[in-house]
Amino acid sequence: MQALAKAPHVLDPARGRHLWLAAQRLDSFAPFGAGPAAVVAAIAHLGYVQIDTINVIERCHHHMLFSRIPDYRRSDLVQAQSVDKNVFEYWTHALSYVATADLKYFIAAMQDYRVNPAAWFGSVTAAEVSKMLKRLRIVGPLSIRDIEDDTLVDKDHPWASRKPSKRVLEMMFYQGLVTVSSRQGMLKSYDLMARHFGWSGMPKPATARQIAAYKLDRALRSQGVVSLESICHLDAPSKPMVKALIDSRVRARKLLPLALPGQDKVSHWAEPAVLEAPAGEPPGLVHILSPFDPLIIQRKRLKLFFGYDHLFEAYLPAEKRKLGYFALPVLMGDRIIAAFDLKTDRAGKKLLIQQATWLTDVGAEGRAAVDAALGRFETFQLGD
């Protein structure tokens, strides 16, 4: 007679929330220290830090690092990317900073782009790539502003450039022929990848199974409690291999299956040691978070563990917005207590509160803590 399957462990959502906050390092002050080494450590721990162009306040990659490195300086990221070369840019679920130690897990994707270029790059020819490679070898790193001999064309997309060389460089970036060697704001300079890193050739690519293990371990490290959706965020093709790996680790008792209250179905997993760690609420630290922060970006997961629906409304008409153009969730301890639509007035050297939406009453002491966090955030916005 077949033995009955053991019922999954029931995960209290509050416990899941606390484990997630601890994994995100938002439950302690300055968990990574300071300086360029802290930047590398934070990016390596989180797995990646998303890059985005919106700059009504400081751009999100700087914002997310500041949330975990109170003494963060933008020059620390410059040092890590362009001097020490311990981080690089590539696509995760979006364009992101990734630890260079993890580059081998992205080489297979780069190779696939060489064989199967995206339709966006369909107009780029082999001759154009060869010409750009030769140019880079001769003159060194290039930004699109350095290229002045292009025949300008009409834009076919709002984010396109009239210079055809931009599309050539972008395709070569995805193919791993070049990398972003430095940035000035959103202006990227590209260099030959091997030259930038001082390689004689590309590192050996990770196998498909190693890539799946990397994605699972990355999520376990930065999320504490994981689901298949949270591991493979906007990455459906990876789900079958990642799920097979999860099942293998469950059989080996390296992962514990979890169900939410009132559900029989396993929906989450965690390492036994994580669940055995002392429980308790995190301290009442206040963080003003980016809507692209790893704690916020996965909206269904945020709703599940925090009971909060964040609205990203930058592309909605003003009259349809509820929280504002670029609302930032405010985390206090283990609760999202408000959403502030902020704007940096760089000329006036001040932070503007366009709209403040309070979700709960935090009392006078709580408001004072939020005011102090706003003051720190303003200093960061206006600093170097």
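For H63 and F292, the ring centers are positioned 6.0 Å apart or more. Remark: aromatic rings of F173 and W91 are distant, center separation not under 6.0 Å. The aromatic ring centres of F66 and Y72 sit 6.0 Å or more apart. In this structure, the ring of Y308 has its center less than 6.0 angstrom from the ring center of H310. You'll find the ring centres of Y97 and Y90 outside the 6.0 Å limit.
Within the 3.5 Å criterion, the main-chain N or O of N86 finds no donor-acceptor partner in the side chain of D84. Judged by distance alone, with hydrogens and angles left aside, the side-chain atoms of T100 form a donor-acceptor pair with the main-chain N or O of V87 at under 3.5 Å. Checked by atom type and distance alone, the side chain of K104 never pairs as donor or acceptor with a backbone atom of P203 at under 3.5 Å. Of the possible donor and acceptor atoms, one in the side chain of D146 sits under 3.5 Å from a partner among the backbone N and O of S143. At distances below 3.5 Å, at least one donor-acceptor pair connects side-chain atoms of R299 with backbone N or O atoms of I296. A distance-only check finds a donor-acceptor pair linking the side chain of R68 to the backbone of M64 [under 3.5 Å]. A distance-only check finds a donor-acceptor pair linking the side chain of K163 to the backbone of I144 [under 3.5 Å]. Under the 3.5 Å distance criterion, the side-chain polar atoms of S75 are left unmatched by any main-chain donor or acceptor of R73. The backbone N or O of S189 lies less than 3.5 Å from a partner atom in the side chain of S181, making a donor-acceptor pair. Under the 3.5 Å distance criterion, the side-chain polar atoms of E276 are left unmatched by any main-chain donor or acceptor of E271.
Between L359 and I337 there is no side-chain heavy-atom pair separated by less than 4.5 Å. A 4.5 Å side-chain heavy-atom check between S182 and V78 finds every atom pair outside the cut-off. At a threshold of 4.5 Å between non-hydrogen side-chain atoms, the residues K343 and Q354 count as touching. Contact of the M332 side chain with the V370 side chain is registered, since non-hydrogen atoms from C-beta on lie closer than 4.5 Å. Annotation: side chain of I353 is in contact with side chain of L342 (closest heavy-atom distance under 4.5 Å). At a threshold of 4.5 Å between non-hydrogen side-chain atoms, the residues L304 and L260 count as touching. Looking only at side-chain heavy atoms (C-beta outward), L289 and S67 come within less than 4.5 Å of each other. Taking the side chain as every heavy atom from C-beta outward, L65 and D76 never approach each other to under 4.5 Å.
Classified by interplanar angle (parallel below 30°, tilted 30° to 60°, perpendicular above 60°), the ring pair Y214/F106 is perpendicular. In this pair, F377 and F380 present their aromatic rings tilted. The plane angle is within the 30 to 60° band.
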Pair D247-K243, salt bridge (Lys or Arg N to Asp or Glu O under 4.0 Å): steps then yes or no: CA-CA 6 Å; D247 293 341; K243 183 58 167 64; 2.7 Å; yes
Check against side-chain contact (heavy atoms from CB on, under 4.5 Å), R59 and M186: CA-CA 9 Å; R59 291 189 172 95; M186 296 306 288; 3.2 Å; yes
Stepwise salt bridge (Lys or Arg N to Asp or Glu O under 4.0 Å) test for K239 and E229: CA-CA 8 Å; K239 287 183 177 180; E229 290 294 333; 2.4 Å; yes
D334 vs H18, side-chain hydrogen bond (donor to acceptor under 3.5 Å, both in side chains): CA-CA, chis, key distance, verdict: CA-CA 7 Å; D334 70 341; H18 298 161; 2.7 Å; yes
Residues V98, L103; criterion side-chain contact (heavy atoms from CB on, under 4.5 Å); working and verdict: CA-CA 8 Å; V98 182; L103 194 148; over 6 Å; no
Evaluation steps, side-chain contact (heavy atoms from CB on, under 4.5 Å), between I246 and L255: CA-CA 7 Å; I246 290 171; L255 286 180; 4.2 Å; yes
Full working for side-chain contact (heavy atoms from CB on, under 4.5 Å) between L187 and R183: CA-CA 6 Å; L187 179 65; R183 274 182 177 265; over 6 Å; no
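Of the charged side-chain nitrogens involved, none lies within less than 4.0 Å of a carboxylate oxygen, so that E89 and K188 do not count as a salt-bridged pair. A salt bridge does not link K85 with D191: none of the charged nitrogens is closer than 4.0 Å to a carboxylate oxygen. Contact check on D149 versus R135 returns a salt bridge, with a Lys/Arg side-chain nitrogen under 4.0 Å from an Asp/Glu carboxylate oxygen.
The distance from atom CG of D341 to atom NZ of K322, rounded to the nearest 0.5 Å, is 15.5 Å. In this structure, D309 CG and L311 CG are separated by 7.0 Å, a value rounded to the nearest 0.5 Å. Rounding to the nearest 0.5 Å gives a distance of 16.0 Å between OG1 of T92 and OH of Y105.
Closest of all the heavy-atom pairs between W269 and P257 is CD1-CA, 3.7 Å. Nearest heavy-atom pair across R321 and E313 is NE-O, 3.2 Å. Looking at every heavy atom in both residues, R209 comes nearest to S248 through NH2-OG, 4.3 Å. In plain terms, the two heavy atoms of P282 and L21 that are nearest each other are CG-CD1, 3.8 Å. Annotation for G224 and V274: closest pair O-CG1, 4.2 Å, computed over non-hydrogen atoms. Closest heavy-atom contact between R195 and L136: NH2-O, 2.7 Å.
Side-chain contact, S230 with Q223: a donor N or O sits under 3.5 Å from an acceptor N or O. With hydrogens and angles left out, the side-chain atoms of Q381 and T344 include a donor and acceptor closer than 3.5 Å. For the residue pair S130/E128, the side-chain donor-acceptor check at 3.5 Å is not satisfied. Side chains of D235 and S238: a donor-acceptor N/O pair is present below 3.5 angstrom, by distance only.
A continuous path of hydrophobic side-chain contacts links V129 to V139 [ILVMFWY only; heavy atoms under 4.5 Å]. When the side chains of ILVMFWY residues are joined at heavy-atom separations under 4.5 Å, either directly or via intervening members, F326 and L374 end up in a single hydrophobic cluster.
In M241, the CE atom is not crowded: 12 or fewer heavy atoms of neighbouring residues, nucleotides or ligands sit closer than 6.0 Å.
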Taking distance alone, no hydrogens or angles, what donor-acceptor pairs closer than 3.5 Å link side-chain atoms of residues 25-49 to residues at least two apart or in another chain?
from	atom 1	to	atom 2	distance (Å)
R25	NH1	A22	O	2.8
H45	NE2	A23	O	2.6
Y48	OH	H93	ND1	3.3

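Screening M171, E170, M172, K166 for a side chain to side chain contact (heavy atoms under 4.5 Å, CB included) involving V168 leaves a single residue, M172.
Both the sub-6.0 Å distance and the 45° axial angle are not jointly satisfied by R15 relative to the ring of W20.
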